[in-house]
Amino acid sequence: MEGAKRNPADELLDLVRSLKSQIQSDIDAGKTPTYLHMKAEAAADVKSTGEKSGVQILKPSRRTLTLGDVKKELGDCQRCPLGRLRTNIVFGEGNPKAEIVFVGEAPGGDEDIQGRPFVGRAGQLLTKIIEAMGLKRTDVYICNILKCRPPGNRNPRPEEIAACEPILVKQLEAINPRVICALGTFAARTLLKTDVPITLLRGKFHAYHGIQLMPTYHPAYLLRNPGAKKQVWEDVQKIMKMLSGQIAQ
Ligand code: URA
């Protein structure tokens, strides 16, 4: 009957039928239906819409935060005294949709000059590690706990970490990777909120807000202790297995 309110069960049935035929016609046309690409977490993270039609349609929610937003928020940061001392902020770089994010400690001299993470000697070693994983630097995202260089490359201070960490948290939220590789003591302890030594943390996956986090030794440590490369390679292989689905997430 024209204008009469339809039974919600019939409307739902119609919706399912039309979705089914849309999927079939995509398949017939040789296309993979885009909604089949949805990651499990995106599928879980759905918002209901379609109130007007009276039918609840589940649509993937859009990522609310972008790296651009986070960079804007960081601005010309003076949240801690390192802001006055830096040449450049080292925000981070790489694929904004990376499946893996490498988090280091803080920029060194080369990074401060270039405004890019891991471009000095330790960075060259990190690049080799990434390439040994069969990836390119542009496939992954690389950033640090601190965005400004501590003078003389001294250790980050708790108040600097406290001022800078919220930016890192938002970067990770914007990227939403499957795996985080925490490079060295400061990255691992800061993200995992623990004082446990890196020697005990490394080699195992830890939970970070639903993301798998693998701590390993910092490339700068490897430059001083090349014997530890074997352990880093073992850690990195676990990451590769996780990314390829050989380890359950
Ligand atoms: N060490 C780090 O932790 N980060 C860099 O960007 C460079 C060296």
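Atoms within a ligand are numbered from 1 in the order they appear, just like the ligands themselves.
For a threshold of 3.5 Å applied to N or O pairs, the pair formed by Phe118 and ligand 1 contains at least one separation below that value.
Using a 4.0 Å cut-off between heavy atoms, Glu111 contacts ligand 1 through its side chain alone, with no backbone atom that close. Residue-level proximity to ligand 1 for Ala106 is carried by the backbone, the only part with a heavy atom below 4.0 angstrom.
Residue His218 places a heavy atom under 4.0 Å from ligand 1. Assignment of Gly120 to the shell around ligand 1 is not supported, since no heavy atom sits closer than 4.0 Å.
Using a 3.5 Å distance cut-off with no hydrogens or angles, the side chains of Gln212 and Lys238 do not pair a donor with an acceptor. Judged purely by distance below 3.5 Å, without hydrogens or angles, the side chains of Thr127 and Arg137 pair a donor atom with an acceptor atom.
Given atom 4 (N) of ligand 1, the protein heavy atom at minimum distance is Asn144 OD1, 2.7 Å.
A salt bridge links Lys193 with Glu165; the closest basic N to acidic carboxylate O contact falls under 4.0 Å. A salt bridge is absent between Arg86 and Asp112; no separation between the charged side-chain nitrogens and carboxylate oxygens falls under 4.0 Å. One finds a salt bridge joining Glu73 and Lys170 here, because a Lys/Arg side-chain nitrogen approaches an Asp/Glu carboxylate oxygen to under 4.0 Å.
Counting atoms of ligand 1 from 1 in the listed order, those under 4.0 Å from a heavy atom of Glu105 are 2 (C), 3 (O). Annotation for ligand 1: atoms under 4.0 Å from non-hydrogen atoms of Pro117 are 6 (O). Taking a cut-off of under 4.0 Å to the non-hydrogen atoms of Gly104, the atoms of ligand 1 that pass are 3 (O).
Aromatic pair His218/Phe102: ring centres not closer than 6.0 Å.
A donor-acceptor pair under 3.5 Å links the side-chain atoms of Arg178 to the main chain of Met242, judged by distance alone.
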